[in-house]
Amino acid sequence: MLGSRQKSEAIVSIPKEMKQVLQTMISKLIRVHGLVLHFPHYNRYAHHIGFSVKIESSRRCAKDGELDKFVYVCNKSGKPREEEAVPVKQRNRKLTVLTDCKAKLRVKRDGARWKVTQFVEVHTHEVIDKKNHGNHGGAIYGSKQNVPYNSKTVSNYTAKLGNYDMIKDIPELLEYFEEIKKDDPRFFYKFKLDAENKVENLFWVDSKARDVYPLYNDCIYFDTTFMTNQYSMPCAPFIGINRYGQSIQLGCGFVRNESSVNFVWLFERFLEAMDGLHPLNIITDQDAAIRTAILIVFIGIIHRFCRWHIMQKVQEKLVTFVARREDLRLEFNDVIDYSMTPEEFEQRWANMVETHGVADNTHFLDLYDLREYFVPAYFRHRFFPFLQTTSRSEGFNAVIKQYVHPHDSLVRFFKQYMKLQERIDVTEDAHEFDGDEKTLELRKITSYNVRDIGVTEQGSIHEVFPIQGSVRGYGRRSYRVDADVANGIYNCECCKINRDGILCCHAMKVMSHLGMVTKYPEHYILPRWCLPPPDIVAPRDERQERPVGQKLSRKDMRLLRYGNLCSDFAKLAVGLAASEKTNEIAERHMRAMEKEMTDLKKANADALKKRKSAKHPVNTHPANDSQESVPMEEDAATVENRKARNPPMSATKGRPGSKRKKGGLQLQKPKQGLCGVCKQPGHDARTCEVRLANPEKYSLLGLFH
């Protein structure tokens, strides 16, 4: 490997393939913790090649205070040490022989990712050749002596990581909370300490969530199954549903463990932040501690378990059993999904377990015991919107996992959480946070027919049945709709208006059938799905058009344009003031307009200067200059204009006499003219004796030139 080179000057080249592997590994890594994430990968690469790594330098970002740059080098980098006298009390350590090795890796944070900005692969010393070592003792390096680090290195490294986070994480987080409160006084946070002053529970919520909660307290989702942090504390976000049917954050907490005492503390802090306003309905995971805490804190609330989590557990237990019983699986899903009342569910469940011989199956018995907490028939008249076919928590967790990592520090988690909050505020109408309820009810109308089945004192009764097969969300069954046309009331047994706050396709099909589709009943439009009245009202001034056939002065035209621009910009400002992102859009475009205006003024000034130069050209060449000028191309109008000359003097009979009335009370004596030579009256230059006496001095040509 060394050839004829001396050992201290050897240059070891890394295979090209290995370099590419390193570049690919690090460039694809999303940043979790600068030191924790990419150091092991470069270290693993170094171990494969046969050298050890150390950190030469690191840097923190001035904006957020987080590490954003690392430089890793070979442990033999640096100038060779000179012989020194050993101190009296020196720690027992071995000094690494330095060879001024230049091998290094420099990485820099770019947003949420790390990029490799420099990679030097050559070494100025011999690396360990692992190929010549055996597979025992030190399986990779041949023996412990060949491993490029020792137990003390590992101990120091892990201690450095742990001490930094454990010592500075909570103080930095609380300091960050206080900084936020300066700009957002309604930002709310609380924490609980244990006997050793260590954080046991934590909760926060911003002013945006506190402001919208009174409109969206009709249904919230509380989930602790999402993830943990580096302290293994369960994360517990409160999730609401906005007017677009999208998930929004209504606060977030961390608890040391999932005990009822901790959940009571968390729910009480939530109520404190929301000024004591209780949620009306809540969905949680199947957890006894959460159930106990809800009964203690949220008085009168309707609590149900997340069906998605329950079905996930059932799937794991019954997957093999139902694989051989497809008819059982189909009937099971139909009984759960499309039983309209508790009585209907009870009857259909009893028939199902008897028909398929699963009445004694412990898994089916456990599900039956939980029926009042997850079967939709027991919640038809309660507001749990768009939760029939999917888990809203899972959909939201899939989004939040793009921003945070289960092993983040609390500071890191919170900053990423706030970035997600900002993105939700800006993109409320985006599809990223949509649920699975994307099929419009209007489109489903075409899947049904109507049959009139009776008349009552209030109106008529109708059966709405599928034209063919199954309708998504409603199955194969028919639905009864009672119609009171006079009062605009349409009651369907599917109870979608109670469950989702939206009139169902069955009711709208009956409206169409009865010819009552001219107007959607206003009492079926829930305020929680409507846009709130604007707190900033844009001016309603209409644009002023230029009067037809009327010529305006430059000043009037400028005032007209000014008024129209003010009206247009004021209307834009209402939307642009909605958030920091929209405000940044406005400022960016205003800066662009200012620059364009400056450029236009400069261009106009340059054009004016050129026109003046064209009128008074400066001859920079002598008349006898041998160089010929190159004529510039001109358009037809310019050429034609250059041909034009001054008009000739026209022959006239003289200027007509003035008809202007003379001033004064009497006619005035005409004024006599003076001679142009002697300045005396009574004659002119042609008969002036002074001129005639000196003809050379006073010539008529000179006088009238």
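Position 1 is the first residue of the sequence, and the numbers go up from there. In this text, all values refer to a predicted model and were calculated from it rather than measured experimentally.
The aromatic rings of Y417 and W204 sit perpendicular, their planes meeting at an angle over 60°, well past the 30° parallel limit. In this structure, F177 and Y189 have tilted ring planes: the angle between them lies in the 30° to 60° band.
More than 12 heavy atoms of other shown residues, nucleotides or ligands fall within 6.0 angstrom of atom NZ in K415. For F305, the CZ atom sits in a packed shell: over 12 heavy atoms of surrounding residues, nucleotides or ligands are nearer than 6.0 Å. Residue Q315 qualifies as open at atom CD: its count of foreign heavy atoms under 6.0 Å is 12 or below. Around the CD atom of E175, the shell of radius 6.0 Å holds no more than 12 heavy atoms that belong to other residues, nucleotides or ligands.
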| Check against salt bridge (charged side-chain N to carboxylate O under 4.0 Å, His left out), E179 and K182 | CA-CA 5 Å; E179 288 296 321; K182 293 179 181 178; 3.2 Å; yes
| task | Take R186 and D211, measure what salt bridge (charged side-chain N to carboxylate O under 4.0 Å, His left out) needs, and give me the verdict at the end. | result | CA-CA 9 Å; R186 278 177 52 78; D211 291 339; 3.2 Å; yes
| said: Apply ring pair (Phe, Tyr, Trp, His ring centres under 6.0 Å) to residues F270 and F222 and explain how you reach the verdict. | reply: CA-CA 11 Å; F270 178 83; F222 179 75; 8.7 Å; no
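E272 is linked by a side chain to side chain contact (heavy atoms under 4.5 Å, CB included) to F188, K190, R269, counting only residues two or more places apart in sequence or in another chain. Applying the side chain to side chain contact (heavy atoms under 4.5 Å, CB included) test to E268 and every residue at least two apart in sequence or in another chain returns V264, V297. Listed by chain and residue number, R291 satisfy the side chain to side chain contact (heavy atoms under 4.5 Å, CB included) test with L295 (two or more places apart in sequence, or in another chain).
Between the S260 side chain and the A289 main chain, no donor and acceptor come within less than 3.5 Å of each other. Looking only at distances, no side-chain donor or acceptor of D285 sits under 3.5 Å from a matching main-chain atom of D287. Of the possible polar contacts, none joining the Y72 side chain to the S57 backbone as a donor-acceptor pair under 3.5 Å is found.
The distance from the OG atom of S77 to the NZ atom of K104 is 8.0 Å, given to the nearest 0.5 Å. With rounding to the nearest 0.5 angstrom, the CG atom of L202 is 6.0 Å from the CG atom of L173. Between L67 atom CG and W114 atom CH2 the span is 6.5 Å, to the nearest 0.5 Å. Taking OG1 of T124 as the reference point, atom NZ of K102 lies at 8.0 Å (rounded to 0.5 Å). For the atom pair T284 OG1 and I290 CD1, the distance stands at 5.0 Å (nearest 0.5 Å). Rounded to the nearest 0.5 Å, atoms SG (C252) and CG (D206) are 11.0 Å apart.
The shortest non-hydrogen separation linking K69 to V71 is CE-CG2, 4.2 Å. Contact detail for Q286 and L370: the closest heavy-atom pair is NE2-CD1, 3.3 Å. Contact between L250 and V205 at its shortest, heavy atoms only, is O-CG2, 3.6 Å. Taking every heavy atom of both residues into account, I310 and F374 meet most closely at CD1-CB, 3.5 Å. The minimum heavy-atom distance linking A236 with T224 is given by the pair CB-CG2, 3.7 Å.
For the pair R304 and F384, the cation-pi test (distance below 6.0 Å, angle within 45°) is passed.
No side-chain donor-acceptor contact under 3.5 Å links E258 and N262. For the 3.5 Å distance criterion, the side chains of D275 and Y213 fail to qualify, holding no donor opposite an acceptor.
For an aromatic pair to be called close, the ring centres must be under 6.0 Å apart, and F254 with F203 fails this.
With salt bridges taken as basic N to acidic carboxylate O contacts below 4.0 Å, one links D194 and R256. Remark: R60 does not engage D68 in a salt bridge, criterion side-chain N to carboxylate O under 4.0 Å. Salt bridge present: K595 and D599 bring a charged side-chain N and a carboxylate O closer than 4.0 Å.
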